[in-house]
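Structure incoming, see below.
Convention: sequence-line order gives letters A, B, ...; per-chain numbering from 1.
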Amino acid sequence: MSDTIVTLPDQSTARIPKMNYLTKENGLLSWLLTGDHKRIAILYLISISFFFFVGGSLAGLIRLELLTPQSDLMATDTYNKVFSMHGIIMVFFFLVPSVPATIGNFIIPMMIGAKDLALPKVNLLSWYLYVAAGILALYTMASGGVDTGWTFTTPLSTHYVNTHVLTTGMAVFIAGFSSIFTGLNFIVTIHKMRAPGMTWFRLPLFVWAHYAASILMVLGTPVLAIAIVLMALERTVGIGVFDPTKGGDPLLFQHLFWFYSHPAVYIMILPGMGVISEVISTFSRKRVFGYTAVAFSSVAIAVFGFFVWAHHMFIMGISNYAVLIFSLLTMLVAVPSAIKIFNWAFTLYKGSITFETPMLYAFGFMGLFTIGGMTGVFLGASGTDIHLTETYFIVAHFHFVMVGGMLMAFLSGIHFWWPKMTGRMYPEKISQLAAVVTFIGFNLTFFPQFILGTLGMPRRYASYPPEFQILNVFSTAGASVLGVGYLLPVLYLTWSLKYGEIAGNNPWQATGLEWQVQSPPLTENFPEIPIVDHEAYDYEWLERQKEKEVASVG
Amino acid sequence: MAHDIPHEQHFHDPANVTNPEHAEHHIVLPLEYSFVFGTLLLCTALTVFAATRDLGVFNPIVALAIACFKGVIVILFFMHVKYQSNLIKMTVGAGFFTFLVLITMTLSDYISRAWGLW
Amino acid sequence: MSDSTAIAHGTAEAHHEHPPYQRHHFETIAQQNDATNFAMWLFLLTEIMFFGGLFTAYLIYRNWYYPAFVQGSHQLQIGWGTANTAVLITSSFTMAMGVWSAEMRKKGALVLCLVLTFTLGLVFLGIKTIEYSEKIEKHHVPGFHYSVQSFVDPASDPEVYNEYHDKPLALDMARHTELYFFLYFAMTGMHALHMIIGIAILGFMIFRARAGAYTTGHVTFVENFGLYWHFVDIVWIFLFPLLYLINRHPLAH
Amino acid sequence: MSHISPIIWQFLVKWMTNFALFPPEASKIAPQMDALYFFMVLVSLVGLTIVILLITSFSILYSKKRHPVAVQIEGSTLLEATWTIIPLGLFLVMFVWGALLYFRIYTPPANAMNIYVVGKQWMWKAEHPGGQHEINALHVPTGRPIQLTIISQDVFHSFSIPAFRVKREAIPGRYTSVWFEATTPGTYHLFCTQYCGTDHSHMIGDVVVLTPEDYKKWLDGSTSGSSLAQNGERLFASLSCAACHNTRPDARGPSLANVYGSRLTLSSGQQITADDAYLREAILNPSQHITQGYAPIMPTYQGQISEEGVIDLVEYIKNLDSDYRVQQTTASTTLLPEGEGNTTKAPVAPGANQRAPQGMVKQ
Ligand code: HEA
Ligand code: HEA
Ligand code: CUA
Ligand SMILES: [Cu+2]
């Protein structure tokens with residue numbers, strides 16, 4: 001591997017540092033009661049991976065059912081429960097906490113030169129809330145599930161289904177608080193815990209992205225909470241706020257729900273965008289093109305993200321004037337994302353590029369997110385939304401942004417920071433293969449769904465007219481490839497925990513502060529709090545650091 | 001370039017942590033609290049009194065204006081925001097701003113629905 | 001392994017002196033206080049948004065069902081509402097004085113202030129209970145045998161009728177008073193829930209304050225709790241006019 | 001071909017015969033929708049190509065092998081402005097174009113023929129003005145604008161005809177409308193596209209587009225006896241509406257003749273147009289908007305009339321352009337036996353009421 005920047009220490013002599021956050025204390029309790037952000041991140045990593053595979057297995061069931069036009073694998077009722085649980089688990093138990101609670105939790109304090117998040121106990125609490133919510137969700141699933149879709153649309157969810165709406169609602173409610181506490185913790189940490197010299201414009205873009213996402217978590221999630229509380233009251237006591245026969249307006253629920261859930265899609269994508277900034281810069285050895293534009297576009301997405309929620313309700317009966325306003329604002333919120341994509345592309349310009357696994361995933365992200373984002377604009381233009389809404393076009397749109405975008409970014413980030421988290425490298429060749437397999441599998445799965453949607457195949461259908469079968473067969477075939485692509489990392493990353501090569505402090509020669517300390521890091525991250533005198537992505541500074549080291553050693 | 005500053009020995013100086021977002025701890029005195037308390041009671045009396053008068057469309061406006069005033073002085077004095085850093089001031093502002101976004105944008109739908117109810 | 005752990009501890013904490021209440025990951029106590037204070041404010045933001053959903057619902061339905069909201073609010077007694085506002089404002093004042101006492105390290109005064117706040121909180125809840133039980137008697141609890149009797153036939157409810165001389169509402173409008181009462185119960189109930197949580201924490205604080213925990217110069221906990229208590233007060237400051245006051249003189253409709 | 005396994009063979013046959021890539025364009029709006037759609041596809045393709053080109057060409061030109069040392073670049077305001085403004089401009093074009101389309105689809109022309117659609121778990125019921133009922137099917141003629149007035153009896157549904165590129169939500173408790181003009185005879189899919197519970201995926205049907213002649217034949221072949229307005233008239237009588245809505249000088253309610261489409265002044269001073277939705281609300285939630293000069297005495301009929309019944313009444317009132325029929329109804333009310341009032345399926349009223357569909361109300 002001559003063209004790679006991986007600089008591993010001499011493997012025959014290298015050893016994992018004896019003292020690190022993993023070895024500091026032992027025993028299950030030392031993990032369950034830890035305040036260390038890195039250990040909590042690992043706890044999160046394990047739990048969200050578990051939920052990803054639960055959600056993924058449900059996706060497998062969906063795709064199997066859709067292999068044939070009839071609902072022959074399972075009854076329509078079961079199918080409805082399967083996709084509802086798939087959506088709920090994937091959104092609230094996987095994607096929302098995915099990058100922030102794992103990578104963000106692990107890396108942000110290190111990036112800004114802090115010993116921990118500002119509120120370690122709250123951090124642990126938010127993991128426990130997550131687990132409690134997850135157990136509740138699993139319990140719900142085991143005891144019969146819920147069939148409202150992940151959107152809990154009233155009056156269906158309040159008056160017309162008799163599945164476990166309340167327990168699921170409670171699970172989502174609790175998971176919401178977990179997310180609020182994570183976001184709150186990040187904001188406080190980023191404001192108050194930065195090392196001396198770490199000014200706002202020296203922060204890595206990963207931190208900016210998380211800052212923006214955290215704002216959304218703190219200000220958006222409570223509205224979801226109140227929406228769920230009202231739904232629960234409507235269902236149990238029949239108070240009438242969402243019941244048209246009592247004078248309530250079922251659309252009010254959607255206003256409240258989407259006031260959270262649209263910003264939530266940016267909660268889901270912004271941290272991923274942060275990962276992409278780091279990865280693209282590191283592997284092209286170049287500072288991010290237009291740092292300020294990328295930083296501010298994150299904030300712009302967060303702010304504008306609060307103004308567009310009703311684009312999910314274009315045909316649901318909001319006023320035509322509101323449609324105009326929300327459609328216009330949707331167009332505005334799409335612009336910062338485009339800025340980011342082009343800034344990343346130009347970061348490559350005159351770089352010195354290598355193609356390690358994280359970079360491959362990042363490339364995948366850029367292509368797929370562009371497709372996903374542009375199709376979002378199709379839906380944001382009110383006219384085309386009429387034809388495309390509630391069809392597989394939407395399903396394809398959001399899987400492109402969520403799976404092709406965020407999941408790719410998550411995998412990119414996991415591979416990128418794996419050496420830091422564990423001190424060991426993963427096997428490069430097979431991981432590159434996995435990246436390529438996921439990319440191919442992904443396109444095979446979800447691209448046909450755009451065509452299906454244009455043809456008019458409605459979403460949430462257990463059975464469909466036979467002429468849609470061919471494309472569905474492609475999609476199902478793709479999902480199997482995709483499943484393999486996701487299974488591979490689990491295998492080789494686990495393998496690498498024991499057999500991976502020793503990574504050393506900074507295998508990628510990256511500039512972030514987290515890379516300047518040992519891997520895996522000490523519990524308090526830095527032996528001494530660093531003083532920052534350089535901007536983010538300053539590769540010249542990194543060179544000088546190295547020379548100095550060599551000088552002092554020699 | 002910024003990083004051309006000679007690289008110094010790392011030292012540990014807590015003062016480094018003091019960032020511009022920090023405001024010195026200000027102790028609000030009981031007299032000030034008492035004034036605020038008095039004003040709040042006065043406002044309560046005023047708003048109840050205003051409710052007994054028929055002011056037409058101004059009834060709700062007056063009531064809400066008084067409530068806003070009361071809220072603001074509680075925030076400024078009881079909650080010390082007047083003596084806090086700009087960060088806290090902006091945080092409070094951001095909260096109420098988002099709250100207004102929720103209300104106004106939702107109402108924009110309801111108000112503009114074809115007529116009356118829908 | 002165990003000795004290396006000890007070393008880690010040693011190096012991390014050897015070289016600066018911390019007051020006992022400073023958590024190890026903060027550099028200075030000022031940083032810690034700033035951080036917790038800021039975190040408290042962010043938490044209050046989530047509370048604003050949480051109540052925000054209810055306020056939105058209130059505004060919408062008040063516009064839609066104005067006559068129902070007018071007559072619904074006639075069922076509330078301004079006297080109790082005013083008394084409760086005064087109680088709550090006073091408790092806010094005693095809480096603020098508590099913060100001051102803690103800052104001045106006056107243990108006795110602090111305990112007194114906290115006990116006063118605690119008591120006033122209970123008084124507020126007591127008054128609320130009286131109001132609630134009245135609603136229960138009149139079957140004005142939405143979802144539980146709700147009755148529109150007082151609205152289709154106001155004269156059957158002499159107390160309110162003698163004061164406001166409401167005209168009977170048509171049945172369909174009268175039914176919408178249920179929405180008013182739901183919002184009344186949801187908003188005041190959610191507020192009362194916050195009071196209950198606050199009172200529980202106050203109890204704990206009184207206990208700790210007597211042991212001198214907050215008069216050592218480290219007042220963040222008292223201060224942050226104060227923020228919470230004042231916030232709950234602010235919510236009420238808005239609920240009071242919205243629910244009790246603004247509909248006393250309905251516009252000619 | 002025997003060496004190909006039969007399953008694969010079947011699959012291939014299906015592929016050849018049953019494969020669609022683009023839905024048929026069977027309404028006037030469809031080509032307009034598709035124009036915007038293809039414009040968007042084009043913009044996306046161009047955008048995507050640019051992104052891919054940038055990534056691949058930079059990757060090749062500046063790979064570590066070729067370009068060992070990176071050149072640090074701050075950024076470029078000019079470039080960044082370019083890729084802010086161009087996408088913004090394109091998005092705004094899409095916004096305007098989309099909005100025009102949106103308003104076109106949801107603003108029915110005045111001369112449209114109205115068909116009522118009621119959605120309920122899990123079927124669609126269409127009601128033609130002449131009284132023809134259909135379940136999970138809709139017959140429409142070509143060359144004539146058709147307006148659908150849609151309502152749901154329970155949860156949200158959504159009435160979708162992909163071949164026409166139109167779709168409209170069926171909302172509980174409220175009329176919505178959409179219109180289209182079919183161009184090509186044939187049978188097209190009708191879907192419920194809003195998730196509505198267990199049998200959501202079975203809430204499908206056919207839209208049959210007929211030539212005007214065939215349509216007329218179909219209409220004649222499937223009359224159920226009385227038109228919607230006739231049913232409405234019967235209901236009007238049996239619910240004693242005419243007790244108040246009559247032409248006597250002491251009438252307690254306003255005359256309903258010609259009320260449809262007129263501007264009304266409410267007691268709050270607000271001006272509104274009496275459309276279908278207004279008529280429905282006036283019957284179910286009368287005190288919501290009191291007509292100026294009248295007392296809020298009209299009782300609510302919420303819960304007493306089914307959605308279909310309301311439709312009948314609305315259709316009756318819509319076609320009421322003089323008070324003549326009402327007087328007749330007042331007269332015939334007395335003939336009705338007691339207690340018939342609360343059901344939609346009121347028995348056919350005395351023979352006097354049986355007239356030809358068109359002639360009966362439009363005089
Ligand atoms: C991570 C999640 C995520 C993200 C980031 C997005 C991003 C966007 N989404 Fe998406 N969306 C979802 C997740 C997401 N969405 C989900 C889950 C649903 C369905 C929910 C449900 O009903 O179950 C949904 C549904 C949804 C709808 C509702 C459809 C309907 O119900 O009818 C709409 C409508 O406007 C929409 C729009 C957008 C837009 C405009 C963006 C924009 O932010 C995208 C911006 C990005 C770009 C525009 C790409 C960059 C562009 C370029 C690099 C090319 C530029 C070049 C040129 C123009 C030349 N989305
Ligand atoms: C983070 C979000 C996320 C993610 C990652 C995914 C991942 C996937 N989703 Fe999901 N999806 C949603 C969010 C997500 N989805 C949401 C919000 C909805 C809407 C729900 C609603 O309507 O309410 C939805 C709905 C949805 C539908 C539409 C259902 C319908 O409307 O009828 C389909 C259909 O194809 C689908 C497919 C898939 C597939 C194939 C994957 C794949 O990417 C998954 C691949 C992963 C695995 C397969 C697991 C890993 C592998 C193994 C465990 C090996 C063993 C498994 C097998 C061999 C099968 N999803
Ligand atoms: Cu009806 Cu879906
Ligand atoms: Cu959205």
Side-chain angles (χ1 to χ4, degrees), chain A residues 18-19 23-26 35 37 109 114-122 177 180-181 183-185 187-189 191-193 195-196 214 217-227 229-230 233-234 236-241 246-249 252 255-256 259-260 522-525 527-529, chain C residues 1-5 7-9 11-13 15 23-27 30-43 45-58 60-61 64-65 68 141-144 146 172-173 175-183 185-186 189-190:
Chain A
K18 216 173 182 173
M19 217 185 343
T23 57
K24 165 139 186 217
E25 283 169 289
N26 287 314
H37 65 103
K115 287 180 184 165
D116 203 330
L117 285 176
L119 311 164
K121 283 184 190 152
V122 173
F177 273 91
I180 289 179
F181 287 138
L184 187 150
N185 219 336
I187 297 185
V188 178
T189 307
H191 269 285
K192 297 294 181 187
M193 307 292 283
S214 306
M217 293 187 202
V218 169
L219 289 173
T221 322
V223 182
L224 173 72
I226 190 72
V229 169
L230 289 179
L233 286 173
E234 178 79 68
T236 45
V237 214
I239 49 175
V241 260
K246 283 192 176 174
D249 181 13
L252 179 61
H255 272 295
L256 297 177
F259 183 86
Y260 164 74
L522 292 170
T523 299
E524 53 279 345
N525 296 344
E528 225 162 331
I529 291 298
Chain C
M1 217 26 57
S2 60
D3 55 351
S4 69
T5 318
I7 295 168
H9 266 293
T11 47
E13 268 151 39
H15 48 203
R23 309 263 288 115
H24 72 276
H25 60 290
F26 290 111
E27 288 299 293
Q31 187 190 27
Q32 172 172 340
N33 292 347
D34 272 7
T36 42
N37 181 262
F38 185 37
M40 192 63 209
W41 272 106
L42 288 173
F43 179 72
L45 289 200
T46 68
E47 295 276 12
I48 295 180
M49 296 312 294
F50 188 78
F51 280 98
L54 288 172
F55 280 103
T56 316
Y58 175 86
I60 290 168
Y61 293 125
W64 277 9
Y65 306 126
V141 186
F144 296 98
Y146 188 80
D172 60 320
M173 187 53 82
R175 282 183 189 150
H176 297 323
T177 52
E178 191 171 356
L179 275 175
Y180 171 82
F181 279 105
F182 165 64
L183 286 163
F185 274 102
M190 213 60 89

Heavy-atom pair with the smallest gap, counting every atom of A/Lys246 and C/His176: O-ND1, 3.3 Å
Which atom of A/Leu219 lies closest to which atom of C/Met49, heavy atoms considered: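 Residues A/Leu219 and C/Met49, closest heavy atoms: O-CG, 3.2 Å.
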Rounded distance [0.5 Å steps], CG in A/Leu184 versus CG in C/Leu45: 8.5 Å
Chain A contact via C/Phe51 - which portion, at a heavy-atom distance below 4.5 Å: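 Contact with chain A involves no heavy atom of C/Phe51 at all.
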Separation between CD1 of A/Ile180 and CZ of C/Phe50, rounded to the nearest 0.5 Å: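 Here the rounded value is 9.0 Å.
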Among the listed options A/Gly238, A/Gly240, A/Ala118, the residue most often paired with chain C at heavy-atom distances under 4.5 Å: A/Ala118
Under 3.5 Å: donor-acceptor pair, side chain of C/Tyr61, backbone of A/Asp249: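 Yes.
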Nearest non-hydrogen partners of C/Ala35 and A/Lys192, listed with the distance: CA-CG, 3.9 Å
Candidate pair C/Met190 and A/Ile226, rule side chain to side chain contact (heavy atoms under 4.5 Å, CB included), full reasoning: CA-CA 10 Å; C/Met190 213 60 89; A/Ile226 190 72; 4.1 Å; yes
Ring pair (Phe, Tyr, Trp, His ring centres under 6.0 Å) involving C/Phe182 - partner list, sequence neighbours excluded: none
Ring geometry between A/His191 and C/Phe38 (parallel below 30°, tilted from 30 to 60°, perpendicular above 60°):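 Perpendicular.
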For A/Thr523, all residues meeting side-chain contact (heavy atoms from CB on, under 4.5 Å), sequence neighbours excluded: A/Tyr21, A/Lys24, A/Asp36
Nearest heavy-atom neighbours spanning C/Gly53 and A/Leu256: CA-CD2, 4.0 Å
Engaged part of A/Ile187 at the chain C interface, taking heavy atoms whose separation is under 4.5 Å: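 Backbone plus side chain of A/Ile187, per the 4.5 Å heavy-atom cut-off to chain C.
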C/Leu54: which of A/Val241, A/Leu230, A/Val229 passes side chain to side chain contact (heavy atoms under 4.5 Å, CB included):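 Between C/Leu54 and the candidates, side chain to side chain contact (heavy atoms under 4.5 Å, CB included) is satisfied uniquely by A/Leu230.
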Contacting moiety of A/Leu233, where chain C heavy atoms sit under 4.5 Å: side chain
Nearest-0.5 Å distance, CE of residue A/Met193 to CZ of residue C/Phe26: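 Rounded to the nearest 0.5 Å, the CE-CZ separation comes to 4.5 Å.
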Contact class of C/Ile48 relative to chain A, heavy atoms under 4.5 angstrom: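 Contact with chain A is absent: no heavy atom of C/Ile48 under 4.5 Å.
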Side chain to side chain contact (heavy atoms under 4.5 Å, CB included) between A/Leu119 and C/Thr36, worked out: CA-CA 8 Å; A/Leu119 311 164; C/Thr36 42; 4.3 Å; yes
Minimum heavy-atom distance between C/Leu179 and A/Gly248, given as atom pair plus value: CD1-N, 4.2 Å
